[in-house]
*Asks:* 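Take this structure, written in structure tokens, and hold onto it; I'll ask about it next.
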Amino acid sequence: MAINDIYTDGIASGWDVRDASSFTAPTTLEADIVIVGTGAGGGTSAEILANAGFKVLLIEEGPLKTSASFKDMNEARAYAELYQEASGRTTSDGAITVLQGRAVGGTTTVNWTSSFRTPPETLRHWAEAHGVKGWSVDEAKPWFDERSERLGIAPWGVPPNANNAVLQKGCEKLGWEWHVIPRNVRGCWNSGYCGFGCPVNAKQSMLVASIPAALAKGATLVHHLSVRKLQFSGDRVTGLEAVALDANCIHPSGVSVRVRAKHVVLAGGAINNPALLLRSGAPDPHGRVGKRTCIHPVVFTYAQMPERIDGWYGAPQSVASDHFQWSGQFDFAPGFKMEVPPVYPALIAALFGRSGPELSQNIAQLPQFNVMLALTRDGFHEDSPGGEVRIDEAGNPLLDYEVSDYLFRGFKNALLRMAEAQFAGGASQVMAAHLDASWSPNWTEAKRQIENLAYKKFKLALGTAHIMGGCAMGEDARQSVVNSEGSHHQLQNLSIIDGSLFPTSIGANPQLSIYALAARNATRLAQRLKPAAV
Amino acid sequence: MTPAAEPTAFGRRDFLKLSAGSAALLGAGAFTAGLAGCAKQEAPAAGYAFLRAGDAALFAAIAPLVLADSLPQQGRAEHLQQLLKAIDGTGARLQAPTQKMLYQLFDLLNTGLTRRLAAGVSKPWAEAEPAQIEAFLNRWRNSSIGLFNGGYRALNKLVVGNWIALPEGLKAVGYPGPWAPMYSALNS
Ligand SMILES: Cc1cc2nc3c(=O)[nH]c(=O)nc-3n(C[C@H](O)[C@H](O)[C@H](O)COP(=O)(O)OP(=O)(O)OC[C@H]3O[C@@H](n4cnc5c(N)ncnc54)[C@H](O)[C@@H]3O)c2cc1C
Ligand code: SF4
């Protein structure tokens, strides 16, 4: 069965898609609006701005990979081609694994399709504590409605796979809140391969939904092109310096590219946006760039189920619990959202952290593994200010992220509750993802063990797939980088439209928070610029 | 780094004593600190884009002890070669700061003195006793010093993450293969 490849067909019909690795001489590209990055923020902005009649140029440093290259359904290929640093990115001290995408479609090409609206508690907190204007629950609602419609977002209508069912059953038994996760899919096969690129274009990622729409309206997409610097004159960005990458997308090919545009939108995501601003020496009078980078730090527990559950198959995430998210002693420890990750073989085996027979015997049982995760809500308390993006001498990004006792207490709470849910969900043994942990045969024993673990970096397995903030929005220029609509406080023709805008973490998987905010910001930008007058 | 006089034998007590010392030597918790000055500007080994000759020897030595039965006995040499290539491919895609951090870890483990002090392994990796390698992995995992736990995690993740993504590794975890209804529909 052949799945029609959107891009093969589109390019044949005249879409302007260019591979910068094939450029042989320095070039200058021009547009009304250039968008750097093609993920959740960039893809959404491109669609809206192209629809509004602007000449849009989309720049992406990753490769263009499409459904045709996803049909091997292969994990190794996915990490090498679609992730930042082949999935080996970490915080600057190596303690927290950082998963981010790097391809046309950005992280949406590899994400797991969970689509939550920004929780009302978070929106209220932004207005109260971070001076965000115009993005209240009521003001945001139409944008969430519109993007949900556009991207096919609806609660998953198929029973959860066995991995998610453990969480559902656990919550039901314990009387905890749980809900079905809305997903951005159309015609989904329930296969589970979202993290390796959806091979049937069911996932309504930016690769599949918004970028093709922008291209059909005459936008230009240049991939294998990395923006290195912005140039300024007074309070305007006058141009971009970019380098073409080689075919493998690793090293610069040696060809440089200049870009001129009347307006510049940064959508390279958290980490890369602040790094670009820092590299360029962009005005930052209050030292806000890169600050308050939040990551929803994630801790994990493993469970052995009595029977085979094949947690690698089926929609990766379909059940979540907010039972410990918004009610608790938040002066003591942060709230968290409970979910499961797909049991992707290499991902989970590498996380396991064991060696020798202890490793081989345990991972041989992977078909019986349930894995749970908790997304910790960072950035909401003074003892959890987020991390900081800085650059090295060569301008490469580094993310420093300190883990406070406040966060460690949250991790302990989360490990306890996840282990409890796993036993209630039918697990025969449970173990925290920690170098000193061992399997516990029952909840009492697991509780005792988790309470006594050493809460330290490296001992505790920590990861993040949600990098947020670093270019915070807000009305007070002393606290933020851009205003509430994403316009830079100091540079008048620069907007930032992606996950780096958030002043805190979201408290839910962030993609729909980005889509809705990007749709609003891009629409306002279009109204402000008016195609004829740009 | 060429130490003038290398002590010859270290027991467990020396290791424990010196491991704390080398942690201090390396700075507060990151491999990026102390050895930066003497990081070797060595090119990757022939046929590799990231691993230098010593790094490849290190992984060839530790991988069988990390993976145990997940690495089949039959055709082991060939599997190890595949694994080294995969680790190399991952390493080549890392950005400079991550590469630098790893090179410093590898330098620590490939310099005679620090290999003995920090890892407790008396011979170069290609000749190291399996028991010593196993003990090294356990000590770094169980250590109360974050630096060693971090080094252990980094090595473990490179070996396990890359191996389990290869066909033989996928078999070792009982993965039945890409979901058949979809795979066969798309690849027939
Ligand atoms: C494995 C995984 C699973 C996830 N699952 C979910 C989920 O189920 N639900 C959910 O809500 N969220 C999920 N997320 C997170 C979500 O996808 C991201 O938060 C979101 O895509 C971020 O959007 P963004 O626009 O900020 O950046 P991104 O989507 O990361 O896009 C940024 C793009 O810009 C490019 N770029 C950066 N700098 C430059 C430059 N200088 N020049 C050129 N190009 C550049 C990057 O290569 C990248 O492609 C997941 C993330 C991961 C890693
Ligand atoms: S589960 Fe659905 S969206 Fe995910 S890869 Fe399979 S078909 Fe695509």
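Computed from a prediction, not measured in an experiment: that's the story for all the values here.
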*Asks:* Considering only heavy atoms, which portion of B:Ala154 lies under 4.5 Å from any heavy atom of chain A: side chain, backbone, both, or neither?
*Replies:* neither

*Asks:* Which members of residues 305-312 of chain A, sorted by number, sit under 4.5 angstrom from chain B on a heavy-atom basis?
*Replies:* A:Arg308, A:Asp310, A:Trp312

*Asks:* Rounded to the nearest 0.5 Å, what separation is found between the CG atom of B:Leu166 and the CG atom of A:Asn74?
*Replies:* 9.0 Å

*Asks:* Who pairs with B:Phe59 by ring-ring contact (aromatic ring centres under 6.0 Å, His included), at least two apart in sequence or on another chain?
*Replies:* B:Phe106

*Asks:* Shorter than 4.5 Å, heavy atoms on both sides: which option in A:His251, A:Gln84, A:Glu358 has the most such pairs with chain B?
*Replies:* A:Glu358

*Asks:* Find out whether A:Lys71 and B:Asn187 are in side-chain contact, i.e. whether some heavy atom of one side chain is under 4.5 Å from a heavy atom of the other.
*Replies:* yes

*Asks:* Looking at A:Gly88, A:Ala95, A:Ala80, which makes the most heavy-atom pairs under 4.5 Å with chain B?
*Replies:* A:Ala80

*Asks:* Enumerate by number any residue of residues 64-73 of chain B whose heavy atoms lie under 4.5 Å from heavy atoms of chain A; in the absence of such residues, state 'none'.
*Replies:* B:Leu65, B:Val66, B:Leu67, B:Ala68, B:Asp69, B:Ser70

*Asks:* Not counting sequence neighbours, which residues clear ring-ring contact (aromatic ring centres under 6.0 Å, His included) with A:Phe408? List them please.
*Replies:* A:Phe411

*Asks:* Could you look at B:Arg153 and say if it's the side chain, the backbone, both or neither that has a heavy atom under 4.5 Å from chain A?
*Replies:* side chain

*Asks:* Answer yes or no: is there a side-chain heavy-atom contact under 4.5 Å between B:Met101 and A:Thr90?
*Replies:* yes

*Asks:* How many angstroms lie between atom CZ of B:Arg93 and atom OG of A:Ser87, to the nearest 0.5 angstrom?
*Replies:* 11.0 Å

*Asks:* Please check if any side-chain donor atom of B:Thr90 sits under 3.5 Å from a side-chain acceptor atom of A:Tyr79, or the reverse.
*Replies:* no

